[in-house]
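We count ligands from 1, going down the list as the structure has it; atoms in each ligand are counted the same way.
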Amino acid sequence: MKIAVLSRNPKLYSTMRLVEAAEARGHEVRVLDVLRCYMNITSHNPSIHYRGEDLTGFDAVIPRIGASVTFYGTAVLRQFEMMNVFPLNESVAISRSRDKLRSVQLLARKGIGLPVTGFAKNPDDIEDLIAQVGGAPLVIKLLEGTQGIGVVLAETHNAAESVIQAFMGLKANIMVQEFIKEAEGSDIRCFVVGDKVVAAMKRQAIAGEFRSNLHRGGSASLIRLTPEERSTAVRAAKIMGLNVCGVDLLRSNHGPVIMEVNSSPGLKGIEQASGKDIAEIIIKFIENRIAAQETAKDKTLTRTRGKG
Ligand code: ADP
């Protein structure tokens, strides 16, 4: 197979591991800087160009699109889809998962466990908003934040009120959430490939911090999931429409609650914590999906020929 990896930096651990795993299985791989891909979107024969070259012949594309380039990155990915290249994750699913509010609404509609979450625009509604999520302490989240930046714990009613007022004054979009105190600064990253959790790790925040992101100094360790956690993660991935993702959840008094579904989960932490070759699992998944597509195509051809 010929595989494209859309990544801004070929030296990133995840990108290197995917290239390594694909090559080890005999595939041809190219890392493409998504911001250097350009295209003629009106052409009858959709194409993508790269530093003057016409990109052709790819069977699959692995998007590793950073949050800061979601708009352009998903447009490039869509073009690959128009060229019938199999995307590991579809552009529409990536866009969906990048919007924290939209994700929470979609998951809630399907009955997935979530922290009680509220959203409001007008400062006159702050009191009610705080009451709705059960009062302070509560968590305030910037919708555009990643890696724990823009996630604030307001411990008192006054702090909550003034932080929400400040964000609203700055015209920032925020979500207000029940604080899951019993998680004690830890969350669980479930790495989903297809319809399975292939590895899971617990991330623990450093002392005095409630955000467990590894980028915020959190540490990772192996964990055994309950069947409920496993099925919640797989269902969340399916609802978002992602083949490969990192589902983050917290252990709350009312069962597992989802924090986020990440469409470009890093491989380093999870491979180190689990000792598993996640990159290889991903490449094998692509091989199986493409083989299944080929079989489906062959069947249709045989049927049409039979009729002819
Ligand atoms: P980001 O997308 O920036 O990582 P998250 O929503 O995943 O933001 O929050 C970052 C971390 O903060 C989580 O992994 C979790 O440890 C902690 N956290 C977030 N929301 C809550 C909450 N409602 N209750 C308890 N801890 C939370």
Table of N or O contacts for ligand 1, cutoff 3.5 Å:
| from | atom 1 | to | atom 2 | distance (Å) |
| --- | --- | --- | --- | --- |
| ligand 1 | 2 (O) | Lys100 | NZ | 3.1 |
| ligand 1 | 2 (O) | Glu260 | OE1 | 2.9 |
| ligand 1 | 2 (O) | Glu260 | OE2 | 3.1 |
| ligand 1 | 3 (O) | Gln147 | N | 3.2 |
| ligand 1 | 3 (O) | Gly148 | N | 2.6 |
| ligand 1 | 4 (O) | Gly148 | N | 3.3 |
| ligand 1 | 4 (O) | Asn213 | ND2 | 2.7 |
| ligand 1 | 6 (O) | Lys141 | NZ | 2.7 |
| ligand 1 | 8 (O) | Lys100 | NZ | 3.4 |
| ligand 1 | 14 (O) | Asp187 | OD2 | 2.9 |
| ligand 1 | 14 (O) | Ser212 | OG | 3.4 |
| ligand 1 | 16 (O) | Phe210 | O | 3.4 |
| ligand 1 | 16 (O) | Ser212 | N | 3.1 |
| ligand 1 | 16 (O) | Ser212 | OG | 2.8 |
| ligand 1 | 20 (N) | Lys141 | NZ | 3.1 |
| ligand 1 | 23 (N) | Gln177 | OE1 | 3.2 |
| ligand 1 | 23 (N) | Glu178 | O | 2.8 |
| ligand 1 | 24 (N) | Ile180 | N | 2.9 |

Would you say CD of Glu28 has more than 12 non-hydrogen atoms from neighbouring residues, nucleotides or ligands within 6.0 angstrom? no
Neighbour count >12 (heavy atoms, 6.0 Å) for atom NE2, His215: no
Got a salt bridge between [X] and [Y], using NZ or NE/NH1/NH2 to carboxylate O under 4.0 Å?
X     : Y      : value
Glu81 : Arg78  : no
Asp59 : Lys2   : no
Arg25 : Glu287 : yes

Does anything in residues 109-124 pair up under side chain to side chain donor-acceptor pair (under 3.5 Å), and if so which pairs, sequence neighbours excluded? Thr117-Gln177
